[in-house]
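The basis for the numbers below is simple: all heavy atoms, side chains too, and nothing from hydrogens, waters or symmetry mates. Order of the sequence lines fixes the chain letters, A, B, ..., with proteins taken first and strands second; residue numbering starts at 1 for each chain.
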Amino acid sequence: MRLTRYFLPVLKETPAEAQIVSHRLMLRAGMVRQASAGIYSWLPLGYKVLRRIEEIVHQEQQRAGAIPVLMPTIQSADLWRQSGRYDDYGPEMLRITDRHDRDMLYGPTNEEQITEIFQAYCSSYRDVPKNLYHIQWKFRDEVRPRFGVMRGREFLMKDAYSFDLDKASAIHSYNQMMVSYLRTFGRMGLKAVPMRAESGPIGGDYAHEFLILAETGETQVFVDSELLDLNFQDREIDYHDQAQIQAICDEWTGAYARTDDTHDQAVFEVEVPKERQVTARGIEVGHIFYFGTKYSEPLGAMIATPEGERVAVHSGSYGIGVSRLVGGIIEASHDDKGIIWPESVTPFDVGLVNLKQGDAETDAACEALYGQLKAAGLDVLYDDRDERAGAKFATMELIGLPWRVTIGPRGLQSGTAELTWRRTGETHEVSPEDAVSRLAETYRGL
RNA sequence: CGGGGCGUAGCGCAGCCUGGUAGCGCGUCGGUUUUGGGUACCGAAGGUCACAAGUUCGAAUCUUGUCGCCCCGACCA
């Protein structure tokens, strides 16, 4: 993509309304535009990142056996009356009426809908286990939306719902999602720690929130540093192997990790040696929850056991805040110059900077390299504006592309380009061919 | 929902107290200049001063109401 033909409205100054760093950088990098309180338009650069995060979530959900569907944003109030949540949910739910004066709502979540779908088609133990998920916009009318996309009213969320014959099987479904989440967040360059959450009336240990540590997090967290040192990396997972999945879950939940909701200072001090006690702020990016028959009973989602008995199906729900992750990743990865995208979610793989636009020789060198990078399968943003070096560098650093190739008259004399790593500023003088092959290698498999 | 603040050009702001035909910086457009870290200079375009009512000869400025946005707190399956 040539920058002169792209739509990238970067700002030199920080808009007054933005307080936290991810919100500021998203506005300055031209990623989003606020439409009203807690509601945003996604501009091209922001949309690209959102889609890449979404794609990783899709891949990892399906790898873990979840099946994609798409449910509507607007729901009928009827199902919510059946589950009893129409009255319980309160003013956070956006309620609307259609032309026939029927009560409708903009979905804040989809337990009722998915359970209705499940019960309509599934009636036997042969139909389970099933895990259906979608990535869809949600609306929760927060009293005070803030922090840009981190706490919006309208937000994109992945929500998966598992259906099992009994609790033991449901716990395996739960564990599969926990492992899937570790992989998902790991791929995005995040260290997300599962922390014990309020489990509600069911009891047990089967509710976890995934938090990434960041100074601007809204939640106080208490964690054993042992967990922070764990590394998921790219280990081979067999999601059908119950023992392996259970072992991974045990590894990640074996040490103390809780938010202020469930924190117990006495237990913390007994279980965790002083030097490993970490108190920090966290951002919730995922939530997994086993809720048993809470919705299947009122909504009549029953299945027959092999013995012919009809029982309520055991369910869990599993959320990932897809749009929130865009802000979360920036909170976790930026410096005073701007964003630093991990290669896995970056809007462009590489930025190409022409230091002397209009000069026949540098223009030709840039055009050639631009073509080679694209031919190597890389997504390139070519800054072909007639701007000074400083302005071009500042733009690239602001929008956070992990790699920059710089071509100017100085390097061309010796036939070299500069390859710069955003994260450290480290620069290598390489031939254009080497730049292409190194970048292609870096992005292989991502 | 309690408390506080702000709506003036695309962005950041001044002007308001003490009413008199709206200004600065950045950005944008045209030109000269410069050319490896946001060059310098000249010129230009761009605003129903959030909206409504009122006071006044005259309102961005004073009064009242409405709307929008932000911050602190409470809230957040």
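Nucleotides B:A44 and B:C57, compared at atom P, are 38 Å apart to the nearest Å. Rounded to whole Å, the separation between the P atoms of B:C17 and B:C62 comes to 5 Å. Comparing the C1' positions of B:G36 and B:G46 gives a spacing of 34 Å, expressed to the nearest Å. For the C1' atoms, the distance linking B:C24 with B:C69 amounts to 24 Å, nearest Å. Taking atom C1' in both B:C67 and B:A74, one finds a spacing of 25 Å when rounded to whole Å. Distance check on atom C1': B:U48 versus B:G30 gives 29 Å, rounded to whole Å. Rounded to whole Å, the C1' atom of B:A9 lies 11 Å from the corresponding atom of B:U28. Atom name C1', nucleotides B:G3 and B:A40: the rounded distance is 49 Å, in whole Å.
Donor-acceptor pairing under 3.5 Å is lacking for the side chains of A:Y181 and A:H208. In summary, the side chains of A:H23 and A:Q19 do not present any donor paired with an acceptor at a separation below 3.5 Å, with no hydrogens or angles considered. Side-chain atoms of A:S296 and A:S315 include no donor-acceptor pair closer than 3.5 Å. In summary, the side chains of A:Q59 and A:R187 do present a donor paired with an acceptor at a separation below 3.5 Å, with no hydrogens or angles considered. Side-chain contact check for A:T427 and A:E418: no donor-acceptor pair (N or O, by modelled atom type) lies under 3.5 Å.
One atom, CG of A:D141, and another, C1' of B:A77, lie 16 Å apart when rounded to the nearest Å. Protein atom CG of A:D383 is 13 Å distant from nucleotide atom C1' of B:G37, rounded to whole Å. The distance between atom NE2 of A:H208 and atom C1' of B:A77, rounded to the nearest whole Å, is 17 Å. Rounded to an integer number of Å, the gap from CD of A:E142 to C1' of B:C69 is 17 Å. Taking atom CZ of A:R28 as the reference point, atom P of B:G27 lies 13 Å away to the nearest angstrom. Put simply, CD on A:Q34 is 7 Å from C1' on B:C69, counting in whole angstrom units. Atom OH of A:Y174 is separated from atom P of B:A77 by 15 Å (rounded to the nearest Å). The distance from atom CG of A:D386 to atom P of B:G30 is 11 Å, rounded to the nearest whole Å.
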Pick out the pairs of N or O atoms, protein on one side and nucleotides 39-42 of chain B on the other, that lie under 3.5 Å.
residue : atom : partner : partner atom : Å
B:U39   : OP2  : A:R388  : NE           : 2.8

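Classification of the A:H263-A:Y256 ring pair by plane angle, with boundaries at 30° and 60°, yields perpendicular. Note on ring orientation: taking the six-membered ring where Trp is involved, the planes of A:F291 and A:F289 are tilted (angle from 30° to 60°). A tilted orientation is assigned to the rings of A:W42 and A:W137, their planes being inclined by 30° to 60°.
At a threshold of 4.0 angstrom between heavy atoms, the contacts of A:Q19 are confined to the sugar-phosphate backbone, with no base atom among them. Residue-level contact check: A:M396 touches neither bases nor backbone, having no heavy atom under 4.0 Å from any strand. Note on A:R144: a base of the nucleic acid sits closer than 4.0 angstrom, heavy atoms only. Using a 4.0 Å heavy-atom criterion, one finds that A:R153 contacts no nucleic acid atom at all. A:E112 comes within contact range of no nucleotide atom at all, as no heavy-atom separation falls under 4.0 Å. Nucleic acid contact for A:A394: base, since at least one base atom lies under 4.0 Å from a heavy atom of the residue.
By the 4.5 Å heavy-atom criterion applied to side chains, A:M26 and A:I330 are counted as neighbours.
Across every strand in view, B:G68 sits in a pair with B:C6 that passes the Watson-Crick or G-U test at under 3.5 angstrom. In a base pair of the Watson-Crick type (N1 to N3 plus N6-O4 or O6-N4) or a G-U wobble (N1-O2 and O6-N3), with each distance short of 3.5 Å, B:G20 is matched with B:C57. Pair assignment for B:G30: B:C42, on the basis of Watson-Crick or G-U wobble contacts that are both within less than 3.5 Å. Checking B:C11 for Watson-Crick or G-U wobble geometry (two distances, each under 3.5 Å) identifies B:G25 as its partner. Across all strands shown, B:G36 forms no Watson-Crick or G-U wobble pair with both distances under 3.5 Å.
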Between A:Q62 and A:H58, is a side chain to side chain contact (heavy atoms under 4.5 Å, CB included) present by the stated rule, with each step listed? CA-CA 6 Å; A:Q62 289 172 51; A:H58 268 302; 3.7 Å; yes

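Evaluation of the side-chain hydrogen bond (donor to acceptor under 3.5 Å, both in side chains) rule for A:R2 yields A:E367 as partners, not counting sequence neighbours. A:F232 meets the ring-ring contact (aromatic ring centres under 6.0 Å, His included) test with A:W252; sequence neighbours excluded. Annotation: side-chain contact (heavy atoms from CB on, under 4.5 Å) contacts of A:L132 (sequence neighbours excluded): A:I67, A:V69, A:I114.
Taking for each of A:D159 and A:F147 the nucleotide of RNA chain B with the nearest heavy atom, the 5'-most of the two is the partner of A:F147. Nucleotides of RNA chain B nearest to A:V10 and A:Y318 differ in position, and the one nearer the 5' end is that of A:V10.
Using a 4.0 Å cut-off on heavy atoms, the residues of residues 399-420 of chain A that approach RNA chain B are A:R404, A:G408, A:R410, A:G411, A:E418, listed by number.
Note: A:F348 and A:Y6 meet the aromatic proximity criterion, with ring centroids under 6.0 Å apart.
The side chain of A:R146 has B:C75 as its nearest neighbour among B:C69, B:A77, B:C75. Comparing B:C69, B:A77, B:G38 by their closest approach to the side chain of A:T395 singles out B:G38. Among the nucleotides B:G37, B:U35, B:A77, the one closest to the side chain of A:A389 is B:G37.
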Let me have a per-nucleotide readout for nucleotides 6-12 of chain B, 5' to 3', with B, S or -, counting only protein heavy atoms under 4.0 Å. -----BS

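The closest donor-acceptor contact from the side chain of A:R324 to the backbone of A:M150 lies under 3.5 Å.
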